[in-house]
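Working notes for the structure below.
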Amino acid sequence: MTAVVYAVEVLPKGKLGYYAENGEDIKPGDLVIVMTEFGPDVGKVIKGPKEMGIEEIGTELKPIIKKLVEEDLKIHQQNLKDAQEAFEVCAEKIREHDLPMKLLHARYMFDRSRLVFFFSSETRVDFRELVKDLARIFKTRIELRQVGVRDELKFIGGLGLCGLPTCCSTFLREFDSITLKHAKCQQLMINTAKISGACRRLLCCLMYEYNFYEEELKGIPEEGETVIYGEKSYRVQSTDVFKKTVLVVSEEGEMVYLPFSYFRGDENASSQ
């Protein structure tokens, strides 16, 4: 079972949501109203129309409510302006309550039925009094949503170790689970300070070339392992995935470069 859908971005560089067509002429770049977990919100169409399987979408498929017309756009622009002012008020209230939280983003639902604040924190925060203050000031339902440190950079941006804007604030919408095995497989020095991003988590880009290294190193012994060559034992010193060679050293200090093919069943492969 399939449906014609559009990929819609609601939060900046956030995960794309898929919504069914509603009969209007909609194209990438259009602003549309969609139903989110917080209520009706404005999003930007990124891709579509596209035919996808219902199981591939993974969530209950909802239709796009409508494409913004001129009157809707005025309401949206006013909501954006008011949300920025609400952000400043909330930040001041956070300081007054001395709460250990960093405010990141504020947004009104299109119908102003809810005002949502996104924040990050190293600890759990008791913000009940803050919510009461905000509800009294803005006269609407208040939602405070805590996000992780990786999501934090999506809102505030930053520079990566490469000197370019962080991937998460430019194009990366979803995060993979990154572990030290990804760095080890790519023969990187295991120094967390050098392989961690501004979010203090392992670099997302460790995933980009991981599949290449994993495929190329299949059947290749790891550094420190013992291998047999010419009836002698050698210890693996290093591996060059681009030259496809493994440097092995005997107990006598003899160094031999063995091609990857030696470890993949070609017994006649000669040393280099």
Side-chain angles (χ1 to χ4, degrees), residues 1-84 86-87 104-118 143 145 147-148 150-160 162 164-176 197-199 203-205 207-209 211:
M1 188 173 180
T2 62
V4 176
V5 300
Y6 292 85
V8 178
E9 173 193 81
V10 176
L11 291 176
K13 297 302 179 291
K15 183 177 179 179
L16 295 178
Y18 289 93
Y19 295 87
E21 60 180 345
N22 65 352
E24 293 185 271
D25 179 22
I26 296 173
K27 59 186 181 299
D30 286 344
L31 294 179
V32 295
I33 300 175
V34 295
M35 183 59 70
T36 70
E37 61 177 311
F38 302 117
D41 203 352
V42 175
K44 181 180 180 181
V45 176
I46 302 299
K47 294 184 292 185
K50 176 183 180 182
E51 188 170 305
M52 292 180 65
I54 299 299
E55 68 283 350
E56 185 182 356
I57 297 170
T59 58
E60 179 187 356
L61 183 61
K62 300 176 182 178
I64 290 174
I65 297 175
K66 64 176 298 188
K67 182 167 70 171
L68 264 62
V69 296
E70 185 175 351
E71 191 60 36
D72 297 323
L73 187 58
K74 291 178 182 178
I75 295 173
H76 175 54
Q77 291 173 338
Q78 186 63 49
N79 285 345
L80 291 177
K81 179 181 177 182
D82 292 346
Q84 183 56 44
F87 181 97
L104 303 171
H105 185 66
R107 66 186 303 114
Y108 271 106
M109 294 302 97
F110 182 76
D111 61 359
R112 299 178 76 94
S113 60
R114 192 176 309 197
L115 176 55
V116 185
F117 296 96
F118 295 86
E143 181 92 25
R145 176 61 58 91
V147 302
R150 282 185 164 184
D151 291 288
E152 177 181 329
L153 277 180
K154 281 186 176 293
F155 291 108
I156 63 177
L159 293 178
C162 58
L164 297 175
T166 55
C167 299
C168 59
S169 61
T170 52
F171 67 88
L172 190 63
R173 296 185 180 277
E174 298 186 57
F175 298 114
D176 291 306
C199 61
L203 293 164
C204 289
C205 55
M207 182 61 77
Y208 298 167
E209 297 178 359
N211 290 339

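Throughout, residue positions are numbered sequentially from 1 according to the sequence presented. In this text the structure is predicted, and so the values were computed from the model without any measurement.
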ask   = Rounded to the nearest 0.5 Å, how far apart are CZ of Phe110 and CG of Asn79?
value = 7.0 Å
Of all heavy-atom pairs between [X] and [Y], which one has the smallest distance, and what is that distance?
| X | Y | answer |
| --- | --- | --- |
| Ile54 | Ala3 | CD1-CB, 3.8 Å |
| Tyr19 | Met35 | OH-O, 3.3 Å |
| Ser113 | Pro40 | OG-CD, 4.5 Å |
| Phe87 | Leu104 | CE1-C, 3.5 Å |
| Ser169 | Gly157 | CB-CA, 3.8 Å |

task = Measure from the side-chain N and O atoms of Tyr6 to the backbone N and O of Ile26, and report whether any donor-acceptor pair falls under 3.5 Å.
result = yes
Considering residues at least two apart in sequence or located in another chain, which fulfil the salt bridge (charged side-chain N to carboxylate O under 4.0 Å, His left out) criterion with [X]?
| X | result |
| --- | --- |
| Arg150 | none |
| Glu209 | none |
| Asp82 | Arg112 |

Test side chain to side chain contact (heavy atoms under 4.5 Å, CB included) applied to Arg107 and Leu11, step by step = CA-CA 9 Å; Arg107 66 186 303 114; Leu11 291 176; 3.8 Å; yes
Residues that [X] engages under side-chain hydrogen bond (donor to acceptor under 3.5 Å, both in side chains), provided they are two or more places apart:
| X | value |
| --- | --- |
| Glu24 | Asn22 |
| Thr36 | none |
| Glu37 | Arg145 |
| Thr170 | none |

Under 3.5 Å, which donor-acceptor pairs link side chains of residues 61-70 to any protein atom two or more places apart or in another chain?
from: Lys66; atom 1: NZ; to: Asp72; atom 2: OD2; distance (Å): 2.8
from: Lys67; atom 1: NZ; to: Asp25; atom 2: O; distance (Å): 2.8

Applying side chain to side chain contact (heavy atoms under 4.5 Å, CB included), can you list everything that pairs with [X], at least two apart in sequence or on another chain?
| X | answer |
| --- | --- |
| Ala86 | Leu115, Phe117, Phe138 |
| Ile46 | Glu9, Leu16, Lys44, Arg173 |
| Asp151 | Val147, Lys154, Phe175 |
| Arg114 | Phe38, Met109, Val116, Arg141, Glu143 |

request  = Report yes if some heavy atom in the side chain of Tyr208 is under 4.5 Å from a heavy atom in the side chain of Leu172; otherwise report no.
outcome  = yes
task = Would you indicate whether the side-chain heavy atoms of Gln84 and Leu80 approach each other to under 4.5 Å?
result = no
